[in-house]
Student: 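Pasting a structure here, questions to come.
The shown structure was predicted, so the numbers you read here are calculated from the model rather than taken from an experiment. Hydrogens, waters and symmetry mates are skipped; everything else that's a heavy atom, side chains included, is used. Sequence lines set the chain letters: A, B, ... in the order given, protein chains first and strands last, and positions in each chain run from 1.
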There are 2 protein chains.
Amino acid sequence: MGSSAKEEARIADALCKAVLERKLAPGSKLPEEELAQIFRSNRAKIRRVLLLLSRSHIVTLEPGRGAFVSRPSPQEARDVLASRRLIEVSLLARPYRKLSAQGAGRLRQIMAQEAQAHAAHDAIAMIYLSGQFHLTLIEELGNKVLKSITGELILRMSLIITMYERQNTTCCLSSDHHDLLELLLAHDYAEASALMAHHLEGIESCLDFHREPATTTILSQILQPLKD
Amino acid sequence: MGSSAKEEARIADALCKAVLERKLAPGSKLPEEELAQIFRSNRAKIRRVLLLLSRSHIVTLEPGRGAFVSRPSPQEARDVLASRRLIEVSLLARPYRKLSAQGAGRLRQIMAQEAQAHAAHDAIAMIYLSGQFHLTLIEELGNKVLKSITGELILRMSLIITMYERQNTTCCLSSDHHDLLELLLAHDYAEASALMAHHLEGIESCLDFHREPATTTILSQILQPLKD
DNA sequence: AGGCTTGATATTGTAAACAATAATGGTTGA
DNA sequence: TCAACCATTATTGTTTACAATATCAAGCCT
């Protein structure tokens, strides 16, 4: 049973989810043995996962010192944000295909979940669902390659926001998502693109690259719930 | 001396170069032991390199069977081409910064080398230099994140072209590169963007996704010159 | 007292042996 | 003659033990 790749994907997903949900702070050390215990795995598998995540810029490997959650520099942060903006805004301006009824349905479903999470004040779910909305949009109007690229950028953005966000931040307004869908259904791509630009700029305006962020190194206790 | 990562980068670069230069045909088997001998390395390092390349979609790992040079499907090929077009065309339409004198110099230098390779009928050098031109352009007008994303797309395109190109193909006209630079220096980004779109469409029009391509499995003999 | 050296400890990195799996080739039987 | 089956071989996958390196703490010298 070649479930090894599956298990590694499971571990990688769990780590990515922890990053997405801002539980794993940038700079946190990721000791191999500890991760192996948490995930009921072994060092070899953990090692492969960390290698892979390092390629996605989620983890930084320092030779001889180990693996750490990446701490994107201000410059890298700006580049990631600008790249994501380029892709999403341009795609909306000139989508490869029109939004299908099925696609609209998927987006509505995510929006419903967003509303639910909002009502429950579940900030973590909202972050995740917001990402899902954007990724689904990209897959519907674009393709899977763009989706995968943007998925990586969103993950990196999560690190960036954790590091550089101002105090009173209200992330990704779900009302924007609603308006976006309306515009797309009306085939008003120019307006949709403009709204997306505004939407993403809204996120960026909550960041402050000047203050060097604290290196909040999180203990393994926060990773414990990941094991299942 | 932590030269291990360096050595792995060397091996990965050599393999990527072989893919770029169309020496490694899609579908080729990449046996670990053989690669270890060719690169005077060991299986562990080769294994890590293959794992990394699999993440870049250059190599496909089949559990229990080994590593193969990827054979992108027609759909994946279309997605990769469209994604690259989106990024490059959109960036030229709205560059993050103007082309600096230094940037123009770099581009001119690459163009000079292109002309040289053209005169020498060195098709391999032309492929490489064309890629460098595009990547340099992206770094100058955009940023490093976009450059790295596009670099990966260009590599995948190399596989795509090898698999699906028609017979009489004249790739990437270097005259286009010349005109592109002129337009950028004149700050005519709209025209530059249009030319880039035309340029990339030109490459795509040389592809034929209908015929299933031959699985030209290349022997290690072709990889031998890589060892230094 | 402070910084530096030095030894102990923990963690990472590597190599090698072993196990599991798939490809190969030859044999047998219809 | 061809196809199916089995044994052999080769290749991949995993585990283990070991070596190298960094971290930490205590002691020492200035």
Student: CZ of A/Arg48 versus C1' of D/dT15: gap in Å, rounded?
Tutor: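 For the pair A/Arg48 CZ and D/dT15 C1', the rounded distance is 11 Å.
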Student: Separation of A/Lys45 atom NZ from D/dT16 atom P, in whole Å?
Tutor: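 To the nearest whole Å, that distance equals 11 Å.
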Student: Check whether any side-chain nitrogen or oxygen of A/Asn42 sits under 4.0 Å from OP1 or OP2 of D/dT15, and answer yes or no.
Tutor: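 Yes, A/Asn42 has a side-chain N/O under 4.0 Å of OP1/OP2 on D/dT15.
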Student: By the salt bridge (Lys or Arg N to Asp or Glu O under 4.0 Å) test, which pairs, at least two apart or in different chains, include something from residues 199-208 of chain A?
Tutor: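 For residues 199-208 of chain A, and leaving out neighbouring residues, the salt bridge (Lys or Arg N to Asp or Glu O under 4.0 Å) pairs sorted by first residue read A/Arg85-A/Glu204.
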Student: Would you please name every residue forming a side chain to side chain donor-acceptor pair (under 3.5 Å) with A/Glu21, sequence neighbours left out?
Tutor: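 A/Glu21: side chain to side chain donor-acceptor pair (under 3.5 Å) contacts with A/Lys23.
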Student: Grab the N/O contacts between the protein and nucleotides 9-12 of chain D below 3.5 Å, and write none if there aren't any.
Tutor:
from	atom 1	to	atom 2	distance (Å)
D/dT12	OP1	B/Lys29	NZ	3.4
D/dT12	OP1	B/Glu32	N	3.4
D/dT12	OP2	B/Glu32	N	3.3

Student: Among residues two or more places apart or on two chains, list those pairs meeting salt bridge (Lys or Arg N to Asp or Glu O under 4.0 Å) that have a residue in residues 127-143 of chain A.
Tutor: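 Counting only pairs at least two positions apart or across chains, the salt bridge (Lys or Arg N to Asp or Glu O under 4.0 Å) contacts touching residues 127-143 of chain A are A/Arg106-A/Glu140, A/Glu139-A/Lys147.
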Student: Show me, pair by pair, the donor-acceptor contacts under 3.5 angstrom made by side chains of residues 49-58 of chain B, not counting sequence neighbours?
Tutor:
from	atom 1	to	atom 2	distance (Å)
B/Ser54	OG	B/Leu51	O	2.6
B/Arg55	NE	A/Ser56	OG	3.2
B/Arg55	NH2	A/Ser56	OG	2.9
B/Ser56	OG	A/Arg55	NE	3.2
B/Ser56	OG	A/Arg55	NH2	3.0

Student: Would you check if B/Glu165 and B/Leu207 make a side-chain contact, meaning some heavy-atom pair closer than 4.5 Å?
Tutor: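 Side-chain contact under 4.5 Å: yes.
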Student: Using side chain to side chain donor-acceptor pair (under 3.5 Å) as the criterion, list what pairs up with A/Glu76, not counting sequence neighbours.
Tutor: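 Partners of A/Glu76 by the side chain to side chain donor-acceptor pair (under 3.5 Å) criterion, ordered by chain and then number, come out as A/Arg156.
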Student: Mind checking if A/Ala44 touches a base, just sugar-phosphate, or nothing, with heavy atoms under 4.0 Å?
Tutor: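 Answer is base: heavy atoms of A/Ala44 come under 4.0 Å of a base.
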